[in-house]
Amino acid sequence: MAKLTEWNVEDETFWLGGKRIAHRNLAISVPSLLCAFAVWMFWSILTVRMKDAGFPFTDAQLFTLISIAGLSGATLRIPNSFMVALAGGRNVVALTTAMLIAPALGAGIALQDKATPFSTFAILAVLSGVGGGNFSSSMSNINSFFPKRSAGLALGINAGIGNLGVSVMQLVVPAVMGSALFGALSGAPHITALGKQMWVQNGALVWLPFLVVLAVASWFGMHNLPHHDSDHTPTALGKILGLHLPAFAAAGLVAWIVVRYPKLGLGAQLGLVLLAIAVCLALLKLLPGKVKTSLDKQFAIFRMKHTWLMTLLYIMTFGSFIGYSAAFPLLLKLFFGKSVTNPATYAFLGPLVGSLIRPVGGWLSDKFRGSVITQWSTVIQIIGALAVAVVIKQAQGNPNPAHLFMPFLLSFLLLFLGSGIGNGSTFQMVPFIFEPQFAGPVLGWTGAIAAYGSYVIPTVFKSQIAAGTVQYALYGFAAFYVVCLAVNWWYYTRRGAEVHC
């Protein structure tokens with residue numbers, strides 16, 4: 001049965017029978033989200049290998065592809081924040097997973113020819129944002145399947161293993177480039193400067209079979225809940241596609257501006273984030289009928305102070321995690337590519353640490369309160385950012401910085417550790433702060449805005465690399481973390497219990 005007729009997990013008697021269904025939905029949601037993250041973020045590795053293969057793009061252009069994918073994923077999270085209530089969790093997960101076939105196949109074909117124009121890759125980067133967008137709907141959906149007392153761990157598992165898609169991707173993508181893995185579909189190899197054959201395109205094509213299997217598994221194995229407006233399946237699927245259009249329009253507009261005007265200043269480029277959010281929300285408000293009515297009800301979260309406070313805190317945690325995940329491989333390549341053999345092969349460690357520790361952050365929060373764990377994770381992030389700044393200042397301009405590689409790597413892993421713990425703890429806080437009808441949309445919204453870190457952080461690094469002052473980026477991030485530390489202490493930690501609104 002695709003739609004359940006009853007669901008009351010706060011009732012312990014009901015939960016004894018219902019938890020099997022909840023765990024089944026979680027078991028399908030997790031690998032689906034993992035592959036979604038892999039497709040969304042595969043540009044962070046593909047760009048490195050495109051550079052090796054001799055694609056005629058500058059470092060700034062390659063960072064731009066990473067940024068565009070990040071911005072698209074973040075913008076697509078805005079409608080995904082409200083999509084589950086409008087169309088049903090099973091419908092959303094199945095369709096958004098299937099939609100990822102387009103950018104994976106498209107990138108696999110485009111990467112076979114070094115003459116493929118940059119604009120084509122920019123369009124594919126926008127489409128791959130579907131993988132980032134469905135994080136918000138996935139989290140909103142899973143939150144409804146579990147009681148408050150175990151929501152922290154469930155959300156931590158869903159997001160933590162889902163986030164692991166970044167690390168898995170950074171391991172898998174380089175590993176599959178050594179042969180014509182898909183026969184004729186793989187096309188001809190590229191020849192590197194060292195004379196080696198490399199099928200860069202396999203890094204995109206490898207996800208196709210997994211996406212097909214998971215889309216089918218989601219459709220036949222997951223459920224829509226009773227309070228989801230999902231009774232008429234074709235209408236529900238139409239809503240999902242329709243809700244994506246405003247976000248695609250907003251992300252496409254910003255991507256066009258970034259590609260058309262590559263010399264925009266840092267302030268202007270960051271201002272494009274606000275433009276994407278404003279355009280997306282304005283277009284969503286124009287949608288007619290039941291969609292507009294439901295959105296108006298869910299938009300009540302924007303009148304709540306704690307929506308904005310929790311958004312700030314989640315920007316600090318997930319925004320940092322996803323932004324550093326996107327930029328880390330190329331930073332390793334740029335700073336240590338001439339002194340350390342294959343430094344980018346270590347890039348998977350950062351997302352791996354951040355992803356695996358996220359469920360621990362949720363579990364600790366279930367025991368000791370989310371705000372307390374968030375406070376300590378923020379301290380870790382501050383220390384990590386300052387440590388990276390110190391090391392990177394020494395590495396810049398150093399003709400042989402090999403001795404700084406390990407301090408750089410360990411300092412960055414500390415950043416990933418703090419952000420991963422905070423990812424779990426901040427999401428655990430939400431169900432205790434907001435009423436059930438608002439908790440799901442708030443989880444989705446905070447995840448949407450935080451995902452802009454995947455655009456902002458690579459953009460900031462790109463700007464500071466050009467200026468030769470990358471340490472300033474880390475000083476700025478550390479200062480932001482200090483502000484978040486104060487906000488979390490004042491509104492949540494010092495109260496001794498989570499607030500309710």
Side-chain angles (χ1 to χ4, degrees), residues 35 37-69 100-125 127-128 131 165-211 325-352 405 458:
C35 284
F37 264 88
V39 174
W40 179 32
M41 299 302 293
F42 63 22
W43 296 103
S44 67
I45 294 295
L46 292 179
T47 51
V48 174
R49 300 305 179 182
M50 288 167 71
K51 186 177 178 69
D52 294 335
F55 278 78
F57 305 133
T58 65
D59 291 338
Q61 285 178 307
L62 295 176
F63 263 113
T64 296
L65 285 180
I66 297 171
S67 299
I68 288 173
L100 287 167
I101 293 172
L105 179 60
I109 295 172
L111 285 166
Q112 295 180 24
D113 187 357
K114 284 188 281 193
T116 302
F118 184 78
S119 58
T120 299
F121 288 111
I123 292 169
L124 290 167
L127 293 176
S128 68
V166 182
S167 192
V168 170
M169 175 275 299
Q170 290 175 344
L171 280 172
V172 170
V173 168
V176 299
M177 292 183 179
S179 64
L181 187 65
F182 298 97
L185 183 59
S186 286
H190 298 286
I191 307 300
T192 70
L194 298 176
K196 293 183 178 180
Q197 292 185 329
M198 180 169 57
W199 284 261
V200 182
Q201 51 270 31
N202 284 353
L205 296 173
V206 70
W207 306 105
L208 290 176
F210 298 104
L211 293 171
S325 296
F328 195 36
L330 208 47
L331 286 173
L332 286 167
K333 179 77 173 177
L334 292 175
F335 281 102
F336 299 99
K338 295 180 180 179
S339 61
V340 177
T341 303
N342 295 327
T345 58
Y346 295 88
F348 79 95
L349 290 172
L352 179 68
F405 177 72

Heavy-atom pair with the smallest gap, counting every atom of G131 and L100:
N-CD2, 3.2 Å
With rounding to the nearest 0.5 Å, note down the distance linking CG in L211 to CG in L105.
10.5 Å
Mind checking whether W40 and M169 have side chains closer than 4.5 Å, heavy atoms only?
no
Rounded to the nearest 0.5 Å, what separation is found between the OG atom of S186 and the CG atom of N202?
4.0 Å
Between K114 and H190 (side chain of the first, backbone of the second, donor and acceptor by atom type, cut-off under 3.5 Å), is there such a pair?
no
What verdict does the side chain to side chain contact (heavy atoms under 4.5 Å, CB included) test give for F55 and T47, after you've listed the backbone C-alpha separation in whole Å, the side-chain angles of each residue and the deciding distance to 0.1 Å?
CA-CA 9 Å; F55 278 78; T47 51; over 6 Å; no
Atom CD1 of I123 and atom CD1 of I68: how far apart are they, to the nearest 0.5 Å?
10.0 Å
Shortest non-hydrogen contact from F37 toward G165:
CB-CA, 4.2 Å
Contact between M177 and V200 at the side-chain level, heavy atoms closer than 4.5 Å - yes or no?
yes
Heavy-atom closest pair, residues A107 and F42:
CB-CZ, 4.1 Å
Looking at OG of S67 and CG of L62, how far apart are the two atoms once the value is rounded to the nearest 0.5 Å?
11.0 Å
Non-hydrogen atoms of T116 and A110 that approach each other most closely:
OG1-O, 2.8 Å
Got a donor-acceptor contact below 3.5 angstrom from the W199 side chain to the G187 backbone?
yes
Donor-acceptor pair, distance only, cut-off 3.5 Å: does the side chain of Q201 make one with the backbone of A188?
yes
Close side-chain approach of L332 and F405, heavy atoms under 4.5 Å:
yes
Within the structure provided, determine whether Q170 and V48 are in side-chain contact (heavy-atom separation under 4.5 Å).
no
Is there a side-chain contact between W43 and T64 (heavy atoms, below 4.5 Å)?
no
Surrounding CZ of F210 (heavy atoms of other residues, nucleotides or ligands, distance under 6.0 Å), is the total greater than 12?
no
Which heavy atom of S325 sits nearest to which heavy atom of V166, and what is that distance?
CB-CG1, 3.7 Å
Working note: L111 + F121, criterion side chain to side chain contact (heavy atoms under 4.5 Å, CB included); need CA distance, chi angles, decisive distance, verdict.
CA-CA 9 Å; L111 285 166; F121 288 111; 3.6 Å; yes
Which value, rounded to the nearest 0.5 Å, describes the distance between L171 atom CG and L352 atom CG?
7.5 Å
Sidechain-backbone polar pair: Q112 side chain, L185 backbone, donor-acceptor under 3.5 Å
yes
Kindly indicate, with the supporting measurements, whether the criterion side chain to side chain contact (heavy atoms under 4.5 Å, CB included) is fulfilled by L205 and L181.
CA-CA 9 Å; L205 296 173; L181 187 65; over 6 Å; no
Nearest 0.5 angstrom please: K51 NZ to D59 CG, how far?
3.5 Å
Does atom NZ of K196 have more than 12 heavy-atom neighbours, drawn from other residues, nucleotides or ligands, at distances under 6.0 Å?
no
Smallest separation among heavy atoms of A125 and S128, with atom names
O-OG, 2.7 Å
For a side chain to side chain contact (heavy atoms under 4.5 Å, CB included) check, start with the C-alpha distance between L124 and T120, then their side-chain angles and the critical distance, and finish with the verdict.
CA-CA 6 Å; L124 290 167; T120 299; 4.2 Å; yes
